[in-house]
A.B. asks: 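The structure's right below; bear with me while I get my questions together.
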Amino acid sequence: MINALRGMKDTLSPQSEVYQYIIETCTRIAQNYGFSLIETPILEETALFKRSVGESSDIVGKENVPITDKGGNDVCLRPEGTAGVVRAFIQQKFDKAGGTRRFFYHGPMFRYERPQKGRLRQFHQFGVESFGESDVREDATIILMLKAIFDALGIAYTLEINSLGCPACMPKYRTTLVDFLATREGLCEDCERRKLTNPIRVLDCKNEHCKTLLADAPLIVDHLCFTCKEDFGTLKTILDEFGVAYTINPKLVRGLDYYSKTAFEFVSADIGAQSAIAGGGRYDRLVEFLDGKPTPGIGFAMGIERLMDLVKMPQTSRNGYYIGALCNEALSVVFELVDTKRRESKVLTTYEAKSLKNHLKIADKNEAKFCVCIGEDELANNTIG
RNA sequence: GUGAGUGUAGCUCAGUCGGUUAGAGCAUCAGGUUGUGGUUCUGAGGGUCGUGGGUUCGAUCCCCAUCACUCACCCCA
């Protein structure tokens, strides 16, 4: 027997209905906010992700699914959605055209990781990307949109926000932090490694000993430049005014290198260790990293599988017909009636004459609203029962 | 990549201190009911006890390996 690959799942009813419901809900709301669908290829040049996601994350170096195509190109299955959308944005020359562009997307992403609860090798994201708007109100709008989506889906969450600073303040802070870390002896192995790859992530270490060593570490929120500080303040004010509860998590680091300024994460307490249900932030430098004309951008991605256990589905009611034959002579009449009725409704049937009891059982189990049975009497009278 | 746990019917799980034909509930199918279901009763089908090797008179049970799944670390949605 051949099974699906590790970390890859088949999705079928009733889970597939939940999946569809999430996509439909997200799509409807994103369209209300002025976003339109973009479809980008699942396969991209590996270089695209190396340059955008960066080296500090594992998702390209360790977790990508590398492929060499017949032309000898180094390509891979996309590990995330933003890079492809930005590539398309630049390829369409929207960076040169100017103005704002807003896109949403959904589809499969691939990371070669060890699977666990809420983490798959093929998983699905719904995400949005907004280009050309540097105002922090866009950041707030995106967070409000996510709130609207989670409220519509009936999902409980907490929101964490942070500011990662900009080229004016982040490098300075980073130096301050690295200097601080150099004075601390006895950090865990992981932290020693993170000191080199992504020092800010050291702050988020779960190791108790590290936590005590880092209790008085310098935090980015205290080292923001004037503009970043002001924008972060505006964001907080808007969220307060619109009744969005949040906590400031100065240790929140978005995993990918391209983020700057606003970073946020929606977290669920009900789905295990992999608790981030949506994450995003601003990436004002990414378009120029990928050879485009400098264009501000902001977006988020949500993990659909992580939402599927949390969604409250609307109640469904019985619908459609079940039509069955009580005797072999009625089978052809039933077949014809089923075909006619299917032009307007959902119709289920069986190609086998059964007792009334059996038909009613099947109709009931399939949640049909009406059950029609045709037997000798109905054939004689030209009626239905 | 690292660590721990679990693999028995389609599903959820019992069980065997190593001993004849491995059980239950749910699900499926048939019947009790000659054309009114969902309740109930009766019966039936369905298992290489994950796979391979070892110990033993005898292994589903003990040992080793392997594979798969699960959870956690790392990382991240």
Side-chain angles (χ1 to χ4, degrees), chain A residues 1-9 22 26 53-64 78-82 105-128 146 157 188-191 193-194 197-198 201 204-207 252-257 259 263-268 271-281 299-308 310 318 322 324-327 330 352-368 370-380 383-385:
Chain A
M1 183 171 67
I2 297 174
N3 293 313
L5 294 173
R6 165 173 286 197
M8 303 199 177
K9 302 274 191 215
I22 292 172
C26 292
V53 172
E55 300 297 331
S56 80
S57 165
D58 285 344
I59 74 172
V60 180
K62 280 167 61 181
E63 297 173 358
N64 79 332
R78 64 183 183 191
E80 59 103 43
T82 301
Y105 63 87
H106 55 86
M109 306 295 163
F110 302 83
R111 295 180 194 173
Y112 200 84
E113 306 179 273
R114 190 81 164 262
Q116 71 182 78
K117 190 174 178 63
R119 197 175 68 182
L120 295 162
R121 287 186 177 178
Q122 176 174 346
F123 61 103
H124 297 77
Q125 289 187 331
F126 180 96
V128 310
L146 261 173
Y157 58 83
C188 71
E189 262 182 54
D190 287 328
C191 283
R193 178 173 46 76
R194 285 188 279 238
T197 56
N198 196 341
R201 202 172 283 146
D204 207 17
C205 186
K206 292 174 185 112
N207 183 305
L252 173 68
V253 189
R254 303 263 61 264
L256 317 179
D257 280 0
Y259 288 110
F264 59 87
E265 206 164 273
F266 284 72
V267 178
S268 165
I271 53 169
Q274 306 302 316
S275 57
I277 50 178
F300 71 75
M302 45 198 253
I304 298 175
E305 282 82 359
R306 290 184 186 174
L307 302 179
M308 285 173 65
L310 301 169
R318 290 178 170 277
Y322 173 85
L326 296 167
C327 59
E352 194 180 347
K354 286 181 188 292
S355 70
L356 182 67
K357 173 179 171 168
N358 278 330
H359 281 314
L360 286 167
K361 268 191 178 177
I362 296 169
D364 180 55
K365 197 169 53 187
N366 287 292
E367 302 260 287
F370 301 104
C371 177
V372 176
C373 290
I374 297 179
E376 289 167 12
D377 295 353
E378 288 75 16
L379 285 178
T383 59
I384 58 169

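In the text below, chain A, chain B and the rest are named by the order of the sequence lines, each starting its count at 1. Note that these values count all heavy atoms, side chains included, but never hydrogens, waters or copies made by symmetry. Remember, it's a predicted structure, so these values are computed and weren't measured experimentally.
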A.B. asks: Does A/H124 reach the side chain of A/P108, with side-chain heavy atoms less than 4.5 Å apart?
C.D. replies: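 In contact.
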A.B. asks: Is A/R201 near enough to B/C76 that one of its side-chain N or O atoms lies under 4.0 angstrom from OP1 or OP2?
C.D. replies: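 For A/R201, the contact criterion (side-chain N or O under 4.0 Å from OP1 or OP2 of B/C76) is met.
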A.B. asks: Say you pick atom P in B/G10 and the same atom in B/C64; how far apart are they, in whole Å?
C.D. replies: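 Per the computed distance, 29 Å lies between those P atoms.
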A.B. asks: Rounded off to whole Å, could you give me the OH-to-P distance for the A/Y259 and B/C76 pair?
C.D. replies: 11 Å
A.B. asks: Measuring from A/R193:CZ to A/R201:CZ, what's the distance to the nearest 0.5 Å?
C.D. replies: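 Rounded to the nearest 0.5 Å, the CZ-CZ separation comes out at 8.5 Å.
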A.B. asks: Give a yes/no on whether any side-chain N or O of A/R6 is located under 4.0 angstrom from OP1 or OP2 of B/C69.
C.D. replies: yes
A.B. asks: Is a donor-acceptor pair below 3.5 Å formed from side chain A/R193 to base B/C74, judging by atom type as modelled?
C.D. replies: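 Check fails, no donor-acceptor contact within cut-off.
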A.B. asks: In whole Å, what separates the P atom of B/G45 from that of B/A22?
C.D. replies: 14 Å
A.B. asks: Counting the atoms with a prime plus P, OP1 and OP2 as sugar-phosphate, which does A/E376 contact under 4.0 Å by heavy atoms, base, sugar-phosphate, or nothing?
C.D. replies: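 Base, at least one base atom sits under 4.0 Å.
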A.B. asks: Is any side-chain N or O of A/R194 closer than 4.0 Å to OP1 or OP2 of B/C75?
C.D. replies: yes
A.B. asks: Categorize A/L120 for me: base, sugar-phosphate, or nothing, with a 4.0 angstrom heavy-atom threshold over every strand shown.
C.D. replies: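 Result for A/L120 = base.
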A.B. asks: Rounding to an integer number of Å, can you tell me how far A/N3 CG sits from B/U51 P?
C.D. replies: 14 Å
A.B. asks: As a test of your reading of the structure, name each stem of RNA chain B as range with range, where a stem is three or more consecutive Watson-Crick or G-U pairs at under 3.5 Å.
C.D. replies: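 Detected stem regions: B:1-7 with B:67-73, B:10-13 with B:23-26, B:28-32 with B:40-44, B:50-54 with B:62-66.
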A.B. asks: Please give, in whole Å, the distance from B/G38 P to A/R318 CZ?
C.D. replies: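 Result: 13 Å.
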A.B. asks: Side chain of A/R306, base of B/C76: donor and acceptor closer than 3.5 Å?
C.D. replies: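 Per atom types, the contact qualifies.
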A.B. asks: Could you check whether any side-chain heavy atom of A/V128 comes within less than 4.5 Å of a side-chain heavy atom of A/F300, counting everything from C-beta outward?
C.D. replies: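 In short, these two side chains touch, coming nearer than 4.5 Å.
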A.B. asks: What is the distance from CG of A/L310 to P of B/A77, rounded to the nearest Å?
C.D. replies: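 Rounded to the whole Å, the gap is 17 Å.
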A.B. asks: Output the rounded distance in Å from CG (A/D364) to P (B/G37).
C.D. replies: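 Taking atom P of B/G37 as the reference, CG of A/D364 is at 11 Å.
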A.B. asks: Among B/A77, B/G35, B/C75, which is the nearest nucleotide to the side chain of A/L356?
C.D. replies: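 Nearest to the side chain of A/L356 among the choices is B/G35.
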A.B. asks: Check whether any side-chain heavy atom of A/L5 lies under 4.5 Å from a side-chain heavy atom of A/R121, and answer yes or no.
C.D. replies: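 They are not in side-chain contact.
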A.B. asks: Report yes if some heavy atom in the side chain of A/F264 is under 4.5 Å from a heavy atom in the side chain of A/L146; otherwise report no.
C.D. replies: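 Contact flag for A/F264/A/L146 side chains = yes.
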A.B. asks: With a non-hydrogen cut-off below 4.0 angstrom, is A/G118 in contact with a base, only sugar-phosphate, or nothing?
C.D. replies: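 Base contact.
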A.B. asks: Between B/C76, B/A77, B/A30, which nucleotide gets closest to the side-chain atoms of A/N358?
C.D. replies: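 Looking only at side-chain atoms, A/N358 lies closest to B/A30.
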A.B. asks: With a 4.5 Å cut-off on side-chain heavy atoms, are A/K354 and A/I362 touching?
C.D. replies: yes
A.B. asks: Decide yes or no for A/E305 and A/I22: does some side-chain heavy atom of the first lie under 4.5 Å from some side-chain heavy atom of the second?
C.D. replies: no
A.B. asks: Taking the P atom of each, how far is B/A4 from B/C13, in whole Å?
C.D. replies: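 Taking atom P in both B/A4 and B/C13, they lie 24 Å apart.
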A.B. asks: Would you measure the distance from the P atom in B/U6 across to the matching atom in B/G53 and give it in whole Å?
C.D. replies: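 It works out to 24 Å between them.
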A.B. asks: Taking the C1' atom of each, how far is B/G7 from B/U51, in whole Å?
C.D. replies: 11 Å
A.B. asks: Can you check whether A/Q274 has a side-chain N or O nearer than 4.0 Å to OP1 or OP2 of B/C75?
C.D. replies: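 It does not, given that no N or O in the side chain of A/Q274 lies less than 4.0 Å from OP1 or OP2 of B/C75.
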A.B. asks: Take a 6.0 Å sphere around CD of A/E376 and say whether it holds more than 12 heavy atoms from other residues, nucleotides or ligands.
C.D. replies: no
A.B. asks: Below 4.0 angstrom from OP1 or OP2 of B/U70, is there any side-chain N or O of A/K9?
C.D. replies: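 Checking A/K9 against B/U70: at least one side-chain N or O falls below 4.0 Å of OP1 or OP2.
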A.B. asks: When the nearest nucleotide of RNA chain B is assigned to A/G279 and to A/Y112 on a heavy-atom basis, which residue is associated with the more 5' position?
C.D. replies: A/Y112
A.B. asks: A/A273 or A/D377: which one's nearest nucleotide on RNA chain B is closer to the 5' end?
C.D. replies: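 Result of the comparison: A/D377.
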A.B. asks: Nearest whole Å is fine: how far is B/U33 P from A/L360 CG?
C.D. replies: 18 Å
A.B. asks: Please report the distance separating the P of B/G38 from the corresponding atom of B/U21, rounded so that it comes out in whole Å.
C.D. replies: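 Here B/G38 and B/U21 have their P atoms 40 Å from each other.
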A.B. asks: How far, in whole Å, is B/U33 from B/G37 if one measures between their C1' atoms?
C.D. replies: 12 Å
A.B. asks: Do the non-hydrogen side-chain atoms of A/S275 and A/R306 ever get within less than 4.5 Å of each other?
C.D. replies: no
A.B. asks: Can you tell me how far C1' of B/G38 sits from NZ of A/K357, to the nearest Å?
C.D. replies: 11 Å
A.B. asks: Is there a donor and acceptor pair, one atom on the side chain of A/Q116 and one on the base of B/C75, closer than 3.5 Å?
C.D. replies: no
A.B. asks: Whole-Å distance between B/A72 P and A/R119 CZ?
C.D. replies: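 Taking atom P of B/A72 as the reference, CZ of A/R119 is at 9 Å.
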A.B. asks: For the CD atom of A/E80 and the CD atom of A/Q125, what is their distance to the nearest 0.5 Å?
C.D. replies: 7.5 Å
A.B. asks: Can you find a donor-acceptor pair, distance only, under 3.5 Å between A/E113 side chain and B/G1 base?
C.D. replies: no
A.B. asks: Of the nucleotides B/G37, B/U2, B/C75, which one has an atom closest to the side chain of A/R114?
C.D. replies: B/U2
A.B. asks: Distance check, C1' atoms only: B/U56 and B/U60, in whole angstrom units.
C.D. replies: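 After rounding to an integer number of Å, I get 15 Å for this pair.
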